[in-house]
Each structure stands twice: as structure tokens, then as C-alpha cells.
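Scroll down for the structure; my scribbles are underneath it.
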Amino acid sequence: MSYATQAAGLSGAEGCQDQVLLNDWHVVGYSSELENGKMMPITLLERDLIAWRDEAGEVHVWEDLCVHRGARLSRGWVQNNKVVCPYHGWRYDGTGSCVLMPAAPSEKPMKKAHAIVHHAQDKYGFIWVCIGTPAQGIPVFAEWDDPAYKLTHCGPYKFRSGYRALDNFVDPTHFSFVHPGVNGVGEEPDEIPPYEVHEDENGLRSSEVRVTQPYGDPRNIPVIAFYSYKIMRPLVSYLQKRLEIMDPAQQHLGNPADRFCTYFTAQQVDPVTSIVRICCGTNFETQPSDEDVRRRQDIVYAQDSGIVDTQRPEKIPVDLRYELHHRSDLIGQKYRNWLKAQGVTYGIHGAL
Ligand code: FES
Ligand SMILES: [Fe+2]
């Protein structure tokens with residue numbers, strides 16, 4: 001390990017030590033924001049990284065560090081399919097190898113002149129990175145490959161704790177209070193019937209939770225929504241709403257297959273800063289426009305962060321004694337247990 005690498009805190013002794021998160025995939029951007037030949041800076045788990053896209057469209061994510069003298073590659077640029085360091089102009093190709101040192105253009109750069117390369121993927125319209133060794137694949141988003149669905153990416157939404165944001169995403173009991181007139185009725189909160197949460201190797205999955213949503217449908221028709229949730233990874237979740245049109249006289253306008261779904265991701269920048277990015281899908285007629293979907297999600301997530309970012313402690317506690325848990329919070333309670341059982345510590349209240 002070079003001095004520059006150590007000095008940048010990459011010796012493994014500093015920063016995030018959480019092996020579950022280090023060996024997991026994290027969304028760090030939208031595919032659409034990274035054009036061919038472009039580079040963008042990223043911070044994930046306090047690590048400064050760059051993402052860049054080569055001429056073939058392949059995405060690369062590297063440490064934001066030139067091993068020569070430790071300059072930041074993010075201050076450089078992409079030229080002729082190579083990253084150029086802004087300090088002495090060393091050029092790195094898509095494999096991370098330095099292929100040119102302008103001070104000695106006829107010399108073959110030494111083997112050690114190599115960018116610190118991470119695992120990167122472009123999937124579901126998101127840029128994903130794993131800064132350790134991937135322990136599993138990216139969680140499946142089945143609707144992505146289903147032509148019946150119209151998909152819209154929304155966000156980014158800033159939250160403090162990504163876990164708190166996810167806990168809110170799977171909470172069906174706050175709609176009337178946080179989103180009155182949007183996806184809940186202020187004066188008429190739904191009574192939440194008992195529901196179940198199952199755990200398997202893919203994470204947690206709830207049975208359906210029934211709520212009334214006079215304003216909750218992008219078609220602007222009152223519906224009964226049956227929410228089911230999945231928590232696939234510590235910071236990746238999913239919801240599916242099965243929709244029934246409330247008015248019997250209008251029910252012929254709907255279809256038993258009508259669904260609204262959301263694939264939810266949170267990038268934990270540091271223990272108390274996160275970026276939520278989502279992709280929404282609908283399979284019914286008339287499909288809302290991208291602008292309509294975004295306008296509604298922007299309102300909902302601003303309402304959510306307005307409350308979630310005030311929660312104390314700001315890091316989620318996984319020790320159940322810190323909060324009260326009612327049966328209607330079952331999925332949030334199971335999430336805390338599951339995070340603890342997985343051994344997640346980074347950004348968790350009370351963890352070292
Ligand atoms: S620090 Fe990057 S080329 Fe010198
Ligand atoms: Fe909400």
C-alpha cells in the first residue's frame with residue numbers, strides 16, 4: 001500500500017468498518033446523469049470516489065485518489081477514454097492502469113501506477129458500487145423487465161439517516177398525518193388490521209396492508225390500496241400497491257392487475273447524511289406522465305424528511321428498548337431486529 005493510499009485513510013483502520021455495508025451494493029447516482037466521457041464525484045460511507053463512463057458506455061468507480069502524489073482525480077477530466085490526473089497528467093485507462101506519465105512519455109509506467117478500482121454496475125437506471133467484495137447480487141426489481149410498466153426515476157431526496165428514511169418508507173400508519181390530502185385523509189386515519197412479516201434469504205416481506213386513499217392515486221381517482229413491502233438489503237426496499245377503485249360505479253375503469261410500485265435506495269454518505277433515490281412503476285391506464293409522478297413524489301418525500309429528520313436519536317436504534325413498538329409497526333420492528341442480526345453497525349445508534 002502506497003503512502004498516498006494510507007494517508008487518504010484507505011489502510012482499513014479508519015472510516016466505515018461495517019463489513020455488511022462494505023460488501024454490499026449501494027446506489028450512488030442515476031445512470032442518466034453519467035454520460036459517456038463524463039466523471040462525477042461521489043461520497044459513500046465517508047469514502048470519496050469518482051464514477052466515470054467510458055466510450056463504450058461502461059461505468060467505472062474508483063477511489064478519488066491518484067497514487068502518484070495523492071491528488072484528487074475528481075479534479076481531473078476524461079480524455080480519449082482515459083482519466084487524466086489534474087496534477088501531473090498521469091492517464092489511467094478503463095482497467096485503472098496508468099498508461100502514460102507525461103514527464104516520461106516513452107517509458108512504460110510501473111505496474112503499481114494503478115487506480116484503486118471498485119466494483120461498479122449500471123442497473124435499473126442507477127449507478128451501483130461495492131467498495132468491498134460483493135456478498136450478493138443487486139436486489140431484483142422485477143418490474144424493470146416487464147413491458148407493462150412505465151417507470152420513472154425520482155429524487156434525489158436528502159435525509160439524515162437512510163435507515164430512518166427506509167423505516168418511514170415501509171410505515172403504513174403515517175399517511176393521514178404526514179401526507180393529508182396526498183395519500184391519506186387528515187381526519188380519518190385508517191385502522192391498520194394485523195399483518196404479517198416473513199423473513200427469508202432475500203430479506204423481509206410483509207403481507208398486504210389495507211389503506212384508503214382518496215387522493216393517493218396518480219389517476220386522481222379514490223382507491224383502496226393494499227400495500228406490500230419488501231426489505232431486501234439494509235438500505236434497499238420495495239413497495240407494491242394493489243389498487244382497487246373505491247367507487248363501485250367506476251370499478252370497471254380499473255383492473256385487478258393494477259399496481260403501483262416503488263424501488264427504494266438510500267446512499268449513506270456518512271452516518272447522518274443520506275441520499276434517497278427511487279424508481280416508481282405503474283402498469284395501468286391512463287399512465288401518469290413522468291412529470292406528474294415526480295411532482296407527487298417530490299411532495300411526499302419532502303413531507304417525510306420534514307418529520308424523519310427530526311427524529312431522535314438521529315441514528316436508528318436497533319435495541320428495541322429505545323422506542324415503543326405497536327403491532328401496527330411490525331415491519332419497522334422486524335427491520336430493526338434484522339439489521340441487528342445482520343450485524344449492521346454503521347449509522348446505527350449505540351453501535352461502535
Ligand atoms: S498526483 Fe496524479 S499525476 Fe501526480
Ligand atoms: Fe411517507
Side-chain angles (χ1 to χ4, degrees), residues 2-8 10 39 48 50 52 62-79 82-93 96-105 107 109-110 112-116 154-155 157-186 189-190 192 209 211-213 215-217 225 227 229 237-239 241 260-262 264 266 274 276 278 280 293 296-311 328-329 331-332 335:
S2 73
Y3 179 75
T5 317
Q6 284 181 34
L10 303 176
M39 170 160 63
D48 292 333
I50 58 160
W52 69 282
W62 299 350
E63 211 65 37
D64 184 10
L65 177 88
C66 176
V67 292
H68 178 214
R69 289 287 185 269
R72 285 185 179 267
L73 293 174
S74 58
R75 302 294 290 270
W77 57 92
V78 179
Q79 191 179 339
K82 292 172 192 72
V83 171
V84 184
C85 176
Y87 199 0
H88 312 97
W90 286 19
R91 279 164 204 237
Y92 298 91
D93 70 10
S97 295
C98 177
V99 291
L100 176 74
M101 299 183 304
E107 275 178 39
M110 53 282 221
K112 274 190 167 173
H114 200 283
I116 302 160
C154 304
Y157 304 120
K158 240 186 130 194
F159 280 80
R160 292 181 70 74
S161 165
Y163 307 102
R164 289 272 196 202
L166 191 152
D167 182 48
N168 168 263
F169 175 74
V170 298
D171 172 12
T173 65
H174 73 277
F175 300 152
S176 297
F177 305 97
V178 182
H179 312 297
V182 183
N183 59 18
V185 187
D190 281 288
I192 303 294
V209 184
V211 294
T212 355
Q213 294 196 321
Y215 324 102
D217 191 88
Y227 278 76
Y229 298 105
S237 186
Y238 167 90
L239 72 75
K241 271 204 265 187
F260 170 90
C261 64
T262 302
F264 171 104
S274 68
V276 166
I278 62 171
C280 297
V293 175
R296 173 178 280 272
Q297 297 301 320
D298 289 355
I299 293 168
V300 167
Y301 281 79
Q303 291 172 330
D304 284 327
S305 64
I307 297 292
V308 171
D309 284 355
T310 68
Q311 284 180 277
S328 55
D329 306 313
I331 188 155
Y335 176 46

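Reckoned from all heavy atoms, side chains included, excluding hydrogens, waters and symmetry mates. Indexing begins at 1, ligand by ligand and atom by atom, following the structure's order.
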Legend entry - Angle at the Fe ion (ligand 2) (to 10°), with one arm to NE2 of His179 and the other to OD1 of Asp304: 80°
Legend entry - Side-chain (Ser274) to main-chain (Arg160) donor-acceptor, under 3.5 angstrom: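 Side chain of Ser274 to backbone of Arg160: a pair is present.
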Legend entry - For Ala71, atoms of ligand 1 separated by under 4.0 Å from a heavy atom: 1 (S)
Legend entry - Per-atom contacts of ligand 1 with Arg69, taking only distances under 4.0 Å to non-hydrogen atoms: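 Those atoms are 1 (S).
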Inset, instruction - Grab the two heavy atoms, one from Leu73 and one from Cys66, that are nearest each other, plus how far apart they are. - result: CD2-CB, 3.8 Å
Inset, instruction - Return the name of the atom in His174, of element N, O or S, nearest to the Fe ion (ligand 2). - result: NE2
Inset, instruction - Quick one: report the N, O or S atom of His88 that is nearest to atom 4 (Fe) of ligand 1. - result: ND1
Inset, instruction - Output the atom name for the N/O/S atom of His68 with the smallest distance to atom 4 (Fe) of ligand 1. - result: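 Per the distance ranking, His68 contributes ND1 as its closest N/O/S atom to atom 4 (Fe) of ligand 1.
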Inset, instruction - Establish, yes or no, whether the cationic atom of Lys82 lies under 6.0 Å from the six-membered ring centre of Tyr92 and within 45° of the ring axis. - result: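 No - Lys82 does not lie over the ring of Tyr92 by the 6.0 Å and 45° rule.
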Inset, instruction - Check the side chains of Asp304 and Tyr157 for a donor-acceptor pair under 3.5 angstrom, ignoring hydrogens and angles. - result: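 No donor-acceptor contact under 3.5 Å links the two side chains.
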Legend entry - Side-chain heavy-atom pair Trp90, Val83 within 4.5 angstrom cut-off: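 Side-chain contact under 4.5 Å: no.
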Inset, instruction - Give a yes/no answer: is there an N/O/S atom of Cys66 under 2.8 Å from atom 4 (Fe) of ligand 1? - result: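 Coordinating: no.
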Legend entry - N, O or S from Cys85 under 2.8 Å to atom 4 (Fe) of ligand 1: no
Inset, instruction - Have a look at Phe264 and tell me which of Phe169, Tyr229, Tyr238 forms a ring-ring contact (aromatic ring centres under 6.0 Å, His included) with it. - result: Phe169
